[in-house]
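Report on one structure; see the data block that follows.
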Amino acid sequence: MPSTNRKVVEIARDIKSMKIRGAGKIARHAAEALLITAQQSKAKKPSTFVRELETSARLLLETRPTAVSLPNSIRFIMFRVIEAHKRNIKLRQLRQLAIKAATDFIQNSLKAVKSIGVIGAKRIGDGELIMTHCNSTAVIAILETAFNQGKHFEIFVCETRPRLQGRITAQTLNEIGIPTTLIVDGAIRHFMSRMDKVIVGADTVVANGAVINKIGTSTVALTAYESRVSFYVAAETYKFSPETMLGQYPKIEERDPSEILSKEELKEMPGVKVRNPSFDITPPHLINLIITERGIISPQAAFMIIREEFGLKALDESMKYQTYHLLS
Ligand code: RI2
């Protein structure tokens with residue numbers, strides 16, 4: 001088994017600890033880790049080179065289980081490498097191909113976020129009050145684009161316990177110059193009836209159009225539904241999960257209780273169990289639109305995006321590379 005590149009180990013550690021976080025960023029960093037593996041490989045044979053990439057891929061896949069952007073980015077690169085390796089191409093070409101695949105993924109991903117910004121900005125009206133939850137690069141791209149177009153609107157950001165990523169969103173919006181109000185998660189329903197819409201990001205979009213996003217998102221969606229407020233999701237197509245067409249759902253990550261209560265606080269109430277799921281599932285009937293780089297779709301069209309974007313061939317790929325997901 002080849003040893004893992006030090007920089008790759010560092011990236012994997014930072015994804016796990018959430019120093020690197022956000023479904024899109026995680027995917028781009030995973031691609032960067034494979035890029036580094038390819039660039040710094042000392043392999044003398046194509047088969048050793050492929051094994052080195054696989055070792056890095058496994059390490060990255062073990063970090064966080066829910067955002068499908070991570071396995072999708074790895075699959076994008078590994079599928080191309082392995083198919084080329086089967087054609088017996090030389091080591092130098094194989095390395096170039098891996099570097100190109102990783103670079104393409106990163107560039108396409110950044111382009112997708114930008115396109116979502118442009119498409120989504122068209123749905124922002126002057127004078128609107130909009131709620132968002134957690135911290136999503138795709139949502140911020142929409143808001144920043146609309147703001148730069150001269151639209152005036154105000155954002156209510158949920159704090160998003162326990163990691164408080166809503167505060168990162170509030171800080172970013174403040175730097176852009178967008179009027180922003182930060183609220184605690186418990187105040188969501190109190191303010192919802194005043195909102196014109198909600199826009200959130202996504203970690204995974206499943207085949208039936210349900211969206212997996214930061215814990216609390218489904219509560220925001222349900223509250224929006226009750227108040228007849230539109231609920232939009234901004235998601236690049238690499239957040240759509242081909243596996244879900246095959247019946248395999250992502251695991252909902254449950255993080256350490258110490259993110260909620262410190263070790264000392266926990267010791268003071270030894271009989272109390274703390275649960276800390278990171279994500280929840282918003283069903284399609286609570287979602288009005290999904291904004292992708294390929295356009296705006298209804299959640300019911302998620303199935304078509306998966307078929308078109310990944311194709312039946314990709315479902316095959318996904319079956320072939322299941323081993324990556326089955327790692328313990
Ligand atoms: P972008 C984040 O997950 C949040 O749930 C956010 O809504 C989602 O990723 C998408 O973020 P985490 O990594 O890709 O903070 O739009 O657990 O930036």
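Computed from heavy atoms alone, side chains included, the values below leave out hydrogens, waters and symmetry copies. Atoms within a ligand are numbered from 1 in the order they appear, just like the ligands themselves.
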Nearest protein heavy-atom contact for [atom]: which residue, which atom, what distance?
atom: atom 7 (O) of ligand 1; answer: N213 OD1, 2.6 Å
atom: atom 11 (O) of ligand 1; answer: A23 N, 3.6 Å
atom: atom 13 (O) of ligand 1; answer: G22 N, 2.7 Å
atom: atom 15 (O) of ligand 1; answer: R21 NE, 2.7 Å
atom: atom 16 (O) of ligand 1; answer: S136 OG, 2.7 Å
atom: atom 17 (O) of ligand 1; answer: K214 NZ, 2.7 Å

Going by the atom numbers of ligand 1, which of them fall below 4.0 Å from some non-hydrogen atom of [X]?
X: T137; result: 1 (P), 16 (O), 18 (O)
X: R64; result: 12 (P), 13 (O), 17 (O)
X: Q165; result: 15 (O)

Any N/O of A138 closer than 3.5 Å to an N/O of ligand 1?
-> yes

Polar contact flag for G24 and ligand 1 (N/O pairs, less than 3.5 Å) | yes

Quick one: look at [X] and ligand 1, take heavy-atom pairs under 4.0 Å, and tell me if it's side chain, backbone, both or neither.
X: H133; result: neither
X: C134; result: side chain
X: R163; result: neither
X: K239; result: side chain

Show your working on salt bridge (charged side-chain N to carboxylate O under 4.0 Å, His left out) between E293 and K111 and close with a plain yes or no.
-> CA-CA 8 Å; E293 75 276 19; K111 234 196 278 170; over 6 Å; no

So is [X] in contact with ligand 1, going by heavy-atom distances below 4.0 Å?
X: A202; answer: yes
X: N135; answer: yes
X: K25; answer: no
X: E253; answer: no

Can we say K7 and E10 salt-bridge, meaning some charged N sits less than 4.0 Å from an Asp/Glu carboxylate O?
-> yes

Rounded to the nearest 0.5 angstrom, the OG-NE2 distance for S218 and H133 is 8.5 Å

CD/E154 to CG/D196 distance, rounded to the nearest 0.5 angstrom?
-> 11.0 Å

Would you check, one step at a time, whether the test side-chain hydrogen bond (donor to acceptor under 3.5 Å, both in side chains) holds for Y238 with S109?
-> CA-CA 8 Å; Y238 57 82; S109 159; 2.8 Å; yes

Check this for me: [X], atom [atom1], are more than 12 non-hydrogen atoms of other residues, nucleotides or ligands nearer than 6.0 Å?
X: Y225; atom1: OH; value: no
X: H285; atom1: NE2; value: yes
X: E226; atom1: CD; value: yes

F279 six-ring centre to K214 NZ/CZ under 6.0 Å and within 45° of normal = yes

CA sep, side-chain torsions, deciding dist, call: K239, E236, salt bridge (charged side-chain N to carboxylate O under 4.0 Å, His left out) | CA-CA 6 Å; K239 291 176 183 164; E236 304 90 295; 2.6 Å; yes

Is there a donor-acceptor pair under 3.5 Å between the side chain of N135 and the backbone N or O of G22?
-> no

Would you mind reporting whether V200 and C134 have side-chain heavy atoms less than 4.5 Å apart?
-> no

So between V211, D203, V233, whose heavy atom ends up nearest atom 8 (C) of ligand 1?
-> D203

